[in-house]
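Encoded as C-alpha coordinates, the structure appears first; notes follow it.
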Number of protein chains: 2
Amino acid sequence: MRVSREQAALNRERIVDVAAKLFREKGYDGIGVADLMKGAGLTHGGFYGHFESKEDLLAEACAKAIAYSVEHWRRRIDRNPGDPLGELARSYLSEMHRDNAGAGCVIASLGPDVARAGKPVQHALTGGVKAQLDMLAQALPGEPEEARRRAIASYAAMIGGLVLARAVDDPELSKELLAATVAQLEQA
Amino acid sequence: MRVSREQAALNRERIVDVAAKLFREKGYDGIGVADLMKGAGLTHGGFYGHFESKEDLLAEACAKAIAYSVEHWRRRIDRNPGDPLGELARSYLSEMHRDNAGAGCVIASLGPDVARAGKPVQHALTGGVKAQLDMLAQALPGEPEEARRRAIASYAAMIGGLVLARAVDDPELSKELLAATVAQLEQA
DNA sequence: ATTATCTATAGATCTATAGATAATGC
DNA sequence: ATTATCTATAGATCTATAGATAATGC
(Lines give C-alpha, C1' and ligand atoms only; values in the text may rest on other atoms or scores of the structure.)
Protein backbone atom coordinates (compact mmCIF):
# COMPACT_ATOMS: atom_id res chain seq x y z
CA MET A 1 0.00 0.00 0.00
CA ARG A 2 2.61 2.54 0.97
CA VAL A 3 4.64 4.14 -1.86
CA SER A 4 8.00 5.94 -1.95
CA ARG A 5 8.35 9.58 -0.94
CA GLU A 6 8.97 10.44 -4.57
CA GLN A 7 5.87 8.59 -5.70
CA ALA A 8 3.82 10.25 -2.94
CA ALA A 9 4.94 13.66 -4.21
CA LEU A 10 3.89 12.66 -7.74
CA ASN A 11 0.56 11.47 -6.40
CA ARG A 12 0.05 14.80 -4.71
CA GLU A 13 0.78 16.66 -7.93
CA ARG A 14 -1.67 14.43 -9.76
CA ILE A 15 -4.39 15.21 -7.22
CA VAL A 16 -3.81 18.95 -7.79
CA ASP A 17 -3.90 18.49 -11.58
CA VAL A 18 -7.09 16.45 -11.45
CA ALA A 19 -8.65 19.01 -9.11
CA ALA A 20 -7.61 21.92 -11.35
CA LYS A 21 -9.38 20.19 -14.23
CA LEU A 22 -12.50 18.95 -12.45
CA PHE A 23 -13.12 22.08 -10.37
CA ARG A 24 -13.05 24.11 -13.60
CA GLU A 25 -15.39 21.65 -15.31
CA LYS A 26 -17.89 21.05 -12.53
CA GLY A 27 -17.40 23.91 -10.07
CA TYR A 28 -15.97 23.69 -6.58
CA ASP A 29 -19.13 22.16 -5.11
CA GLY A 30 -19.77 20.05 -8.18
CA ILE A 31 -17.10 17.45 -7.46
CA GLY A 32 -16.34 15.67 -4.19
CA VAL A 33 -13.10 14.63 -2.55
CA ALA A 34 -13.85 10.95 -3.22
CA ASP A 35 -14.24 11.50 -6.97
CA LEU A 36 -11.19 13.75 -7.13
CA MET A 37 -9.13 11.01 -5.50
CA LYS A 38 -10.64 8.40 -7.81
CA GLY A 39 -9.62 10.61 -10.73
CA ALA A 40 -6.07 10.51 -9.42
CA GLY A 41 -6.25 6.75 -9.02
CA LEU A 42 -6.38 6.79 -5.21
CA THR A 43 -8.97 6.20 -2.50
CA HIS A 44 -10.49 9.13 -0.69
CA GLY A 45 -9.19 8.27 2.76
CA GLY A 46 -5.69 9.25 1.70
CA PHE A 47 -6.68 12.78 0.80
CA TYR A 48 -6.12 14.33 4.22
CA GLY A 49 -2.56 13.12 4.36
CA HIS A 50 -1.85 15.50 1.49
CA PHE A 51 -4.15 18.46 2.17
CA GLU A 52 -5.66 20.10 5.20
CA SER A 53 -9.07 20.48 3.60
CA LYS A 54 -10.89 20.55 0.29
CA GLU A 55 -10.60 24.34 0.21
CA ASP A 56 -6.85 24.03 0.73
CA LEU A 57 -6.76 21.94 -2.43
CA LEU A 58 -8.83 24.58 -4.24
CA ALA A 59 -6.19 27.18 -3.41
CA GLU A 60 -3.43 24.96 -4.79
CA ALA A 61 -5.43 24.08 -7.89
CA CYS A 62 -6.12 27.76 -8.58
CA ALA A 63 -2.46 28.65 -8.10
CA LYS A 64 -1.39 25.96 -10.55
CA ALA A 65 -4.05 26.82 -13.13
CA ILE A 66 -3.29 30.54 -13.11
CA ALA A 67 0.48 29.92 -13.23
CA TYR A 68 -0.03 27.79 -16.31
CA SER A 69 -2.13 30.57 -17.81
CA VAL A 70 0.58 33.15 -17.11
CA GLU A 71 3.08 31.02 -19.04
CA HIS A 72 0.60 30.58 -21.88
CA TRP A 73 0.14 34.35 -22.14
CA ARG A 74 3.90 34.91 -22.10
CA ARG A 75 4.36 32.52 -25.02
CA ARG A 76 1.48 34.12 -26.97
CA ILE A 77 2.84 37.62 -26.49
CA ASP A 78 6.36 36.58 -27.46
CA ARG A 79 5.01 34.93 -30.58
CA ASN A 80 3.37 38.10 -31.84
CA PRO A 81 4.77 41.15 -30.02
CA GLY A 82 3.34 43.51 -32.66
CA ASP A 83 -0.26 42.58 -31.81
CA PRO A 84 -0.35 41.05 -28.33
CA LEU A 85 -4.01 41.90 -27.77
CA GLY A 86 -5.25 40.33 -30.99
CA GLU A 87 -3.09 37.30 -30.42
CA LEU A 88 -4.44 36.76 -26.91
CA ALA A 89 -8.04 37.59 -27.77
CA ARG A 90 -8.24 35.20 -30.73
CA SER A 91 -6.98 32.34 -28.60
CA TYR A 92 -8.90 33.22 -25.44
CA LEU A 93 -12.20 33.89 -27.20
CA SER A 94 -12.13 30.75 -29.35
CA GLU A 95 -14.82 28.08 -29.51
CA MET A 96 -12.18 25.62 -28.43
CA HIS A 97 -11.57 27.51 -25.19
CA ARG A 98 -15.31 27.97 -24.68
CA ASP A 99 -15.87 24.22 -24.97
CA ASN A 100 -12.89 23.17 -22.82
CA ALA A 101 -13.41 24.78 -19.45
CA GLY A 102 -11.42 22.05 -17.70
CA ALA A 103 -8.20 23.20 -19.37
CA GLY A 104 -9.11 26.87 -19.69
CA CYS A 105 -9.09 30.14 -17.80
CA VAL A 106 -9.67 29.56 -14.12
CA ILE A 107 -11.26 32.98 -13.63
CA ALA A 108 -13.91 32.41 -16.27
CA SER A 109 -14.86 29.03 -14.80
CA LEU A 110 -14.23 29.53 -11.07
CA GLY A 111 -14.25 33.31 -10.57
CA PRO A 112 -17.50 33.41 -8.56
CA ASP A 113 -16.48 30.32 -6.57
CA VAL A 114 -13.20 32.03 -5.68
CA ALA A 115 -15.07 35.21 -4.72
CA ARG A 116 -17.07 33.12 -2.23
CA ALA A 117 -14.06 31.19 -0.94
CA GLY A 118 -11.64 32.11 1.83
CA LYS A 119 -8.77 34.56 1.54
CA PRO A 120 -6.09 31.92 0.85
CA VAL A 121 -7.95 30.84 -2.28
CA GLN A 122 -8.33 34.42 -3.47
CA HIS A 123 -4.70 35.09 -2.70
CA ALA A 124 -3.62 32.11 -4.78
CA LEU A 125 -5.30 33.68 -7.80
CA THR A 126 -4.33 37.30 -7.27
CA GLY A 127 -0.63 36.87 -7.94
CA GLY A 128 -1.31 35.40 -11.36
CA VAL A 129 -3.84 38.11 -12.21
CA LYS A 130 -1.27 40.79 -11.39
CA ALA A 131 1.37 39.03 -13.48
CA GLN A 132 -0.93 38.81 -16.48
CA LEU A 133 -2.00 42.45 -16.22
CA ASP A 134 1.60 43.66 -15.87
CA MET A 135 2.66 41.53 -18.82
CA LEU A 136 -0.12 42.76 -21.08
CA ALA A 137 0.26 46.40 -20.05
CA GLN A 138 3.98 46.26 -20.84
CA ALA A 139 3.31 44.72 -24.23
CA LEU A 140 0.86 47.45 -25.24
CA PRO A 141 2.09 50.66 -26.91
CA GLY A 142 1.50 54.21 -25.67
CA GLU A 143 1.57 55.91 -22.30
CA PRO A 144 2.01 53.45 -19.40
CA GLU A 145 -1.15 54.62 -17.63
CA GLU A 146 -3.25 54.32 -20.73
CA ALA A 147 -1.67 50.96 -21.56
CA ARG A 148 -2.55 49.63 -18.12
CA ARG A 149 -6.14 50.80 -18.41
CA ARG A 150 -6.40 49.11 -21.77
CA ALA A 151 -4.83 45.94 -20.39
CA ILE A 152 -7.36 45.79 -17.55
CA ALA A 153 -10.39 46.54 -19.71
CA SER A 154 -9.25 44.05 -22.35
CA TYR A 155 -8.66 41.32 -19.78
CA ALA A 156 -12.11 42.00 -18.37
CA ALA A 157 -13.71 41.87 -21.83
CA MET A 158 -12.10 38.51 -22.54
CA ILE A 159 -13.30 36.99 -19.27
CA GLY A 160 -16.80 38.40 -19.58
CA GLY A 161 -17.07 37.43 -23.24
CA LEU A 162 -16.17 33.84 -22.42
CA VAL A 163 -18.54 33.65 -19.45
CA LEU A 164 -21.35 34.99 -21.63
CA ALA A 165 -20.58 32.70 -24.57
CA ARG A 166 -20.74 29.69 -22.24
CA ALA A 167 -23.92 30.73 -20.46
CA VAL A 168 -26.23 31.43 -23.40
CA ASP A 169 -28.42 28.85 -25.01
CA ASP A 170 -28.29 30.12 -28.59
CA PRO A 171 -25.25 28.82 -30.56
CA GLU A 172 -25.35 31.69 -33.05
CA LEU A 173 -25.41 34.27 -30.28
CA SER A 174 -22.56 32.46 -28.54
CA LYS A 175 -20.42 32.67 -31.68
CA GLU A 176 -21.33 36.30 -32.17
CA LEU A 177 -20.33 37.14 -28.60
CA LEU A 178 -16.89 35.63 -29.14
CA ALA A 179 -16.36 37.17 -32.59
CA ALA A 180 -17.56 40.65 -31.66
CA THR A 181 -15.39 40.81 -28.56
CA VAL A 182 -12.35 39.67 -30.56
CA ALA A 183 -13.07 42.23 -33.29
CA GLN A 184 -13.38 45.04 -30.77
CA LEU A 185 -10.13 44.08 -29.04
CA GLU A 186 -8.25 43.69 -32.35
CA GLN A 187 -9.05 47.24 -33.36
CA ALA A 188 -8.58 48.72 -29.91
CA MET B 1 -51.75 24.82 7.44
CA ARG B 2 -53.26 25.28 4.03
CA VAL B 3 -53.40 28.87 2.67
CA SER B 4 -55.49 30.52 -0.03
CA ARG B 5 -54.64 30.18 -3.71
CA GLU B 6 -53.63 33.81 -3.72
CA GLN B 7 -51.36 33.35 -0.71
CA ALA B 8 -49.86 30.23 -2.28
CA ALA B 9 -49.00 32.24 -5.39
CA LEU B 10 -47.36 34.89 -3.21
CA ASN B 11 -45.44 32.19 -1.37
CA ARG B 12 -44.21 30.84 -4.67
CA GLU B 13 -43.02 34.28 -5.72
CA ARG B 14 -41.26 34.68 -2.41
CA ILE B 15 -39.44 31.37 -2.91
CA VAL B 16 -38.23 32.58 -6.32
CA ASP B 17 -37.10 35.91 -4.86
CA VAL B 18 -35.24 34.24 -2.01
CA ALA B 19 -33.63 31.81 -4.43
CA ALA B 20 -32.60 34.60 -6.81
CA LYS B 21 -30.85 36.29 -3.89
CA LEU B 22 -29.28 33.27 -2.21
CA PHE B 23 -28.16 31.52 -5.42
CA ARG B 24 -26.33 34.72 -6.40
CA GLU B 25 -24.79 35.02 -2.95
CA LYS B 26 -23.80 31.42 -2.35
CA GLY B 27 -23.87 29.75 -5.75
CA TYR B 28 -26.32 27.11 -6.96
CA ASP B 29 -24.73 24.31 -4.93
CA GLY B 30 -24.03 26.58 -1.98
CA ILE B 31 -27.60 26.70 -0.70
CA GLY B 32 -30.04 23.83 -0.21
CA VAL B 33 -33.77 23.54 -0.77
CA ALA B 34 -34.41 23.39 2.98
CA ASP B 35 -32.63 26.69 3.61
CA LEU B 36 -34.26 28.37 0.63
CA MET B 37 -37.66 27.39 2.00
CA LYS B 38 -36.69 28.52 5.46
CA GLY B 39 -35.68 31.87 3.92
CA ALA B 40 -39.20 32.11 2.50
CA GLY B 41 -40.71 31.22 5.87
CA LEU B 42 -41.82 27.73 4.83
CA THR B 43 -40.75 24.14 5.49
CA HIS B 44 -38.84 22.26 2.86
CA GLY B 45 -41.45 19.55 2.27
CA GLY B 46 -43.68 22.04 0.52
CA PHE B 47 -41.10 22.89 -2.11
CA TYR B 48 -42.07 20.20 -4.59
CA GLY B 49 -45.64 21.37 -4.72
CA HIS B 50 -44.33 24.55 -6.34
CA PHE B 51 -41.40 23.36 -8.44
CA GLU B 52 -40.43 20.18 -10.25
CA SER B 53 -36.86 20.30 -9.04
CA LYS B 54 -34.19 22.57 -7.63
CA GLU B 55 -32.85 23.23 -11.13
CA ASP B 56 -36.35 24.23 -12.22
CA LEU B 57 -36.25 26.89 -9.51
CA LEU B 58 -32.82 28.01 -10.71
CA ALA B 59 -34.29 28.64 -14.16
CA GLU B 60 -37.10 30.74 -12.70
CA ALA B 61 -34.73 32.61 -10.41
CA CYS B 62 -32.42 33.42 -13.33
CA ALA B 63 -35.34 34.58 -15.47
CA LYS B 64 -36.55 36.89 -12.73
CA ALA B 65 -33.09 38.26 -11.93
CA ILE B 66 -32.24 39.02 -15.54
CA ALA B 67 -35.68 40.56 -16.19
CA TYR B 68 -35.11 42.88 -13.27
CA SER B 69 -31.69 43.74 -14.70
CA VAL B 70 -33.19 44.52 -18.11
CA GLU B 71 -35.55 47.01 -16.47
CA HIS B 72 -32.70 48.52 -14.49
CA TRP B 73 -30.69 49.03 -17.69
CA ARG B 74 -33.69 50.59 -19.45
CA ARG B 75 -34.10 53.14 -16.66
CA ARG B 76 -30.36 53.94 -16.64
CA ILE B 77 -30.27 54.49 -20.38
CA ASP B 78 -33.38 56.66 -20.31
CA ARG B 79 -31.88 58.74 -17.55
CA ASN B 80 -28.77 59.60 -19.56
CA PRO B 81 -29.33 58.90 -23.26
CA GLY B 82 -26.29 61.00 -24.23
CA ASP B 83 -23.88 58.68 -22.44
CA PRO B 84 -25.55 55.29 -21.96
CA LEU B 85 -22.26 53.40 -21.68
CA GLY B 86 -20.76 55.62 -18.99
CA GLU B 87 -24.05 55.61 -17.09
CA LEU B 88 -24.25 51.81 -17.09
CA ALA B 89 -20.56 51.25 -16.45
CA ARG B 90 -20.38 53.54 -13.41
CA SER B 91 -23.30 51.78 -11.82
CA TYR B 92 -22.34 48.23 -12.82
CA LEU B 93 -18.68 48.59 -11.88
CA SER B 94 -19.29 50.18 -8.49
CA GLU B 95 -18.04 48.90 -5.13
CA MET B 96 -21.65 48.68 -4.05
CA HIS B 97 -22.46 46.25 -6.84
CA ARG B 98 -19.25 44.33 -6.18
CA ASP B 99 -20.19 43.89 -2.52
CA ASN B 100 -23.85 43.02 -3.12
CA ALA B 101 -23.86 39.95 -5.32
CA GLY B 102 -27.24 38.84 -3.97
CA ALA B 103 -28.97 41.79 -5.60
CA GLY B 104 -26.60 42.17 -8.55
CA CYS B 105 -25.91 40.88 -12.03
CA VAL B 106 -26.86 37.22 -12.28
CA ILE B 107 -24.27 36.56 -15.00
CA ALA B 108 -21.37 37.82 -12.91
CA SER B 109 -22.42 35.68 -9.95
CA LEU B 110 -23.96 32.61 -11.60
CA GLY B 111 -22.59 32.61 -15.16
CA PRO B 112 -20.43 29.50 -14.72
CA ASP B 113 -23.20 27.71 -12.79
CA VAL B 114 -25.60 28.45 -15.64
CA ALA B 115 -23.04 27.21 -18.17
CA ARG B 116 -22.97 23.89 -16.30
CA ALA B 117 -26.75 23.69 -15.87
CA GLY B 118 -29.33 22.28 -18.26
CA LYS B 119 -30.70 24.00 -21.33
CA PRO B 120 -33.84 25.39 -19.63
CA VAL B 121 -31.66 27.34 -17.21
CA GLN B 122 -29.50 28.70 -20.00
CA HIS B 123 -32.60 29.56 -22.01
CA ALA B 124 -34.05 31.51 -19.10
CA LEU B 125 -30.98 33.76 -19.16
CA THR B 126 -30.53 34.12 -22.90
CA GLY B 127 -33.65 36.17 -23.54
CA GLY B 128 -32.54 38.81 -21.08
CA VAL B 129 -29.03 38.89 -22.46
CA LYS B 130 -30.40 39.51 -25.96
CA ALA B 131 -32.67 42.25 -24.66
CA GLN B 132 -29.82 44.02 -22.90
CA LEU B 133 -27.53 43.80 -25.93
CA ASP B 134 -30.23 45.09 -28.28
CA MET B 135 -31.04 47.91 -25.90
CA LEU B 136 -27.42 49.00 -25.51
CA ALA B 137 -26.62 48.66 -29.22
CA GLN B 138 -29.58 50.87 -30.09
CA ALA B 139 -28.53 53.48 -27.57
CA LEU B 140 -24.99 53.72 -28.96
CA PRO B 141 -24.22 56.14 -31.84
CA GLY B 142 -22.68 55.20 -35.16
CA GLU B 143 -23.16 52.39 -37.66
CA PRO B 144 -25.49 49.65 -36.34
CA GLU B 145 -22.89 46.90 -36.85
CA GLU B 146 -20.20 48.83 -35.05
CA ALA B 147 -22.63 49.81 -32.30
CA ARG B 148 -23.55 46.17 -31.74
CA ARG B 149 -19.90 45.12 -31.55
CA ARG B 150 -19.27 47.88 -29.03
CA ALA B 151 -22.35 46.86 -27.04
CA ILE B 152 -21.16 43.26 -26.85
CA ALA B 153 -17.56 44.08 -25.95
CA SER B 154 -18.68 46.63 -23.37
CA TYR B 155 -21.14 44.21 -21.77
CA ALA B 156 -18.36 41.61 -21.64
CA ALA B 157 -15.92 44.08 -20.07
CA MET B 158 -18.41 44.98 -17.36
CA ILE B 159 -19.07 41.34 -16.46
CA GLY B 160 -15.39 40.38 -16.52
CA GLY B 161 -14.38 43.46 -14.58
CA LEU B 162 -16.86 42.65 -11.83
CA VAL B 163 -15.88 38.98 -11.68
CA LEU B 164 -12.23 39.98 -11.39
CA ALA B 165 -12.85 42.67 -8.78
CA ARG B 166 -14.70 40.13 -6.63
CA ALA B 167 -12.14 37.35 -7.01
CA VAL B 168 -8.92 39.16 -6.10
CA ASP B 169 -7.55 39.42 -2.62
CA ASP B 170 -6.00 42.88 -2.87
CA PRO B 171 -8.49 45.73 -2.14
CA GLU B 172 -6.42 48.30 -4.03
CA LEU B 173 -6.23 46.09 -7.10
CA SER B 174 -9.96 45.44 -6.86
CA LYS B 175 -10.68 49.17 -6.90
CA GLU B 176 -8.28 49.70 -9.78
CA LEU B 177 -9.96 46.96 -11.82
CA LEU B 178 -13.33 48.66 -11.42
CA ALA B 179 -12.03 52.19 -12.07
CA ALA B 180 -9.90 51.28 -15.08
CA THR B 181 -12.71 49.38 -16.77
CA VAL B 182 -15.11 52.27 -16.18
CA ALA B 183 -12.58 54.77 -17.54
CA GLN B 184 -12.01 52.71 -20.65
CA LEU B 185 -15.74 52.34 -21.31
CA GLU B 186 -16.41 56.03 -20.69
CA GLN B 187 -13.94 57.07 -23.37
CA ALA B 188 -14.89 54.30 -25.80
C1' DA C 1 10.17 2.91 13.03
C1' DT C 2 7.91 5.62 9.96
C1' DT C 3 4.39 6.72 6.82
C1' DA C 4 1.45 6.65 2.38
C1' DT C 5 -2.47 4.58 1.44
C1' DC C 6 -6.26 1.70 2.46
C1' DT C 7 -10.99 0.31 4.45
C1' DA C 8 -14.59 1.70 7.21
C1' DT C 9 -17.38 4.92 9.32
C1' DA C 10 -19.13 9.11 11.87
C1' DG C 11 -22.02 12.76 11.45
C1' DA C 12 -23.91 16.11 8.68
C1' DT C 13 -26.13 17.39 4.66
C1' DC C 14 -28.51 16.91 0.18
C1' DT C 15 -32.71 16.20 -3.12
C1' DA C 16 -36.91 14.18 -3.36
C1' DT C 17 -41.06 11.67 -1.73
C1' DA C 18 -44.91 9.81 1.31
C1' DG C 19 -48.52 10.57 3.98
C1' DA C 20 -50.90 13.50 7.58
C1' DT C 21 -53.12 17.77 8.57
C1' DA C 22 -56.10 21.53 8.28
C1' DA C 23 -57.91 25.29 5.82
C1' DT C 24 -59.89 26.73 1.35
C1' DG C 25 -63.20 26.62 -2.32
C1' DC C 26 -67.03 24.56 -4.19
C1' DA D 1 -63.48 17.44 -2.01
C1' DT D 2 -59.46 19.64 -2.91
C1' DT D 3 -54.97 21.19 -1.92
C1' DA D 4 -51.05 24.02 0.32
C1' DT D 5 -48.23 23.02 3.76
C1' DC D 6 -46.52 20.24 7.35
C1' DT D 7 -43.72 16.32 9.63
C1' DA D 8 -40.98 12.54 8.83
C1' DT D 9 -37.98 9.90 6.26
C1' DA D 10 -35.61 7.37 2.36
C1' DG D 11 -31.54 7.02 0.11
C1' DA D 12 -27.64 9.17 -1.57
C1' DT D 13 -23.90 12.05 -0.94
C1' DC D 14 -20.61 15.11 1.48
C1' DT D 15 -16.23 16.30 4.38
C1' DA D 16 -13.39 14.58 7.65
C1' DT D 17 -11.41 11.11 10.86
C1' DA D 18 -9.88 6.58 13.00
C1' DG D 19 -7.37 2.76 12.78
C1' DA D 20 -5.32 -1.11 9.95
C1' DT D 21 -2.03 -2.43 6.51
C1' DA D 22 2.12 -2.93 4.17
C1' DA D 23 5.99 -0.98 2.01
C1' DT D 24 9.76 2.43 2.55
C1' DG D 25 13.75 4.38 4.72
C1' DC D 26 16.86 4.29 8.35
Side-chain angles (χ1 to χ4, degrees), chain A residues 1-62 110 113-114 116-118 120-121, chain B residues 1-62 110 113-114 116-118 120-121:
Chain A
M1 278 170 169
R2 192 189 166 194
V3 299
S4 73
R5 236 164 245 187
E6 194 183 15
Q7 182 57 247
L10 290 173
N11 286 349
R12 191 194 148 97
E13 281 309 298
R14 210 165 59 253
I15 297 168
V16 176
D17 288 336
V18 167
K21 176 169 186 277
L22 293 181
F23 282 152
R24 280 178 282 182
E25 277 180 8
K26 298 168 184 294
Y28 176 65
D29 289 318
I31 183 83
V33 169
D35 283 330
L36 289 169
M37 290 297 275
K38 191 184 286 182
L42 299 164
T43 58
H44 71 286
F47 179 83
Y48 294 90
H50 288 294
F51 305 95
E52 284 212 347
S53 66
K54 189 189 178 190
E55 189 160 322
D56 183 36
L57 172 63
L58 176 61
E60 287 213 33
C62 285
L110 289 175
D113 281 339
V114 170
R116 290 185 277 261
V121 174
Chain B
M1 278 169 167
R2 192 187 163 197
V3 300
S4 72
R5 235 164 244 185
E6 194 182 17
Q7 183 57 246
L10 289 173
N11 286 349
R12 190 194 150 98
E13 281 309 297
R14 209 165 60 253
I15 297 168
V16 175
D17 288 336
V18 167
K21 175 169 187 279
L22 294 180
F23 282 152
R24 279 179 283 183
E25 275 179 11
K26 299 169 182 295
Y28 176 66
D29 289 317
I31 183 82
V33 169
D35 283 329
L36 290 169
M37 290 297 276
K38 190 184 285 181
L42 298 164
T43 58
H44 71 287
F47 178 83
Y48 294 90
H50 288 294
F51 305 96
E52 284 212 347
S53 67
K54 190 190 179 190
E55 189 161 320
D56 182 35
L57 172 63
L58 176 62
E60 287 213 32
C62 285
L110 290 174
D113 281 339
V114 169
R116 290 185 277 260
V121 175

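Lettering follows sequence order; numbering is per chain, from 1. Fair warning: this is a prediction, and the values are worked out from it, not measured in the lab.
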>> Considering every strand and a 4.0 Å limit on heavy-atom distances, what is the contact class for B:Thr43: base, sugar-phosphate, or nothing?
In response: base
> Of B:Gly49 and B:His44, whose closest DNA chain D nucleotide lies nearer the 5' terminus?
Replying inline: B:Gly49
>> Applying side chain to side chain contact (heavy atoms under 4.5 Å, CB included) to B:Asp35 and B:Leu22, what does each step give before you reach the verdict?
In response: CA-CA 9 Å; B:Asp35 283 329; B:Leu22 294 180; 5.8 Å; no
>> Below 4.0 Å from chain A heavy atoms, what is the first contacting nucleotide of DNA chain C and what is the last?
In response: C:dT2 to C:dT9
> Could you give the angle between the helix axes at the two ends of the helix from C:dA1-D:dT24 to C:dT24-D:dA1, with five pairs per end, rounded to 10 degrees?
Replying inline: 0°
> Are B:Asp113 and B:Arg116 ion-paired here, with the side-chain N under 4.0 Å from a carboxylate O?
Replying inline: yes
>> Between B:Arg24 and B:Leu110, does the side chain to side chain contact (heavy atoms under 4.5 Å, CB included) criterion hold? Intermediate values first, please.
In response: CA-CA 6 Å; B:Arg24 279 179 283 183; B:Leu110 290 174; 4.0 Å; yes
>> Under 4.0 Å, heavy atom to any atom of DNA chain D: which of residues 9-29 of chain B qualify?
In response: B:Asn11
> Any side-chain heavy-atom pair from B:Leu57 and B:Leu36 closer than 4.5 angstrom?
Replying inline: yes
> Does the cation-pi check pass for B:Lys54 over B:Phe23, that is, NZ or CZ under 6.0 Å from the six-membered ring centre and within 45° of its axis?
Replying inline: no
> Which atom pair, heavy atoms only, marks the closest approach of A:Leu58 to A:Ala117?
Replying inline: CD2-CB, 4.3 Å
> Has the side chain of B:Tyr28 got a donor or acceptor atom that lies under 3.5 Å from a matching backbone atom of B:Glu55?
Replying inline: yes
>> Within the structure provided, determine whether A:Val18 and A:Lys21 are in side-chain contact (heavy-atom separation under 4.5 Å).
In response: no
> Between B:Arg2 and B:Val33, which is nearer to the 5' end of DNA chain C once each is assigned its nearest nucleotide?
Replying inline: B:Val33
> Would A:Ile15 and A:Phe51 satisfy side chain to side chain contact (heavy atoms under 4.5 Å, CB included), going step by step from the backbone distance to the final call?
Replying inline: CA-CA 10 Å; A:Ile15 297 168; A:Phe51 305 95; 3.6 Å; yes
> Want to settle it: does B:Glu55 or B:Arg5 sit nearer the 5' end of DNA chain C, counting the closest nucleotide to each?
Replying inline: B:Glu55
>> Taking the side chain as everything from C-beta on, heavy atoms only, tell me whether A:Asn11 gets closer than 4.5 Å to A:Gln7.
In response: yes
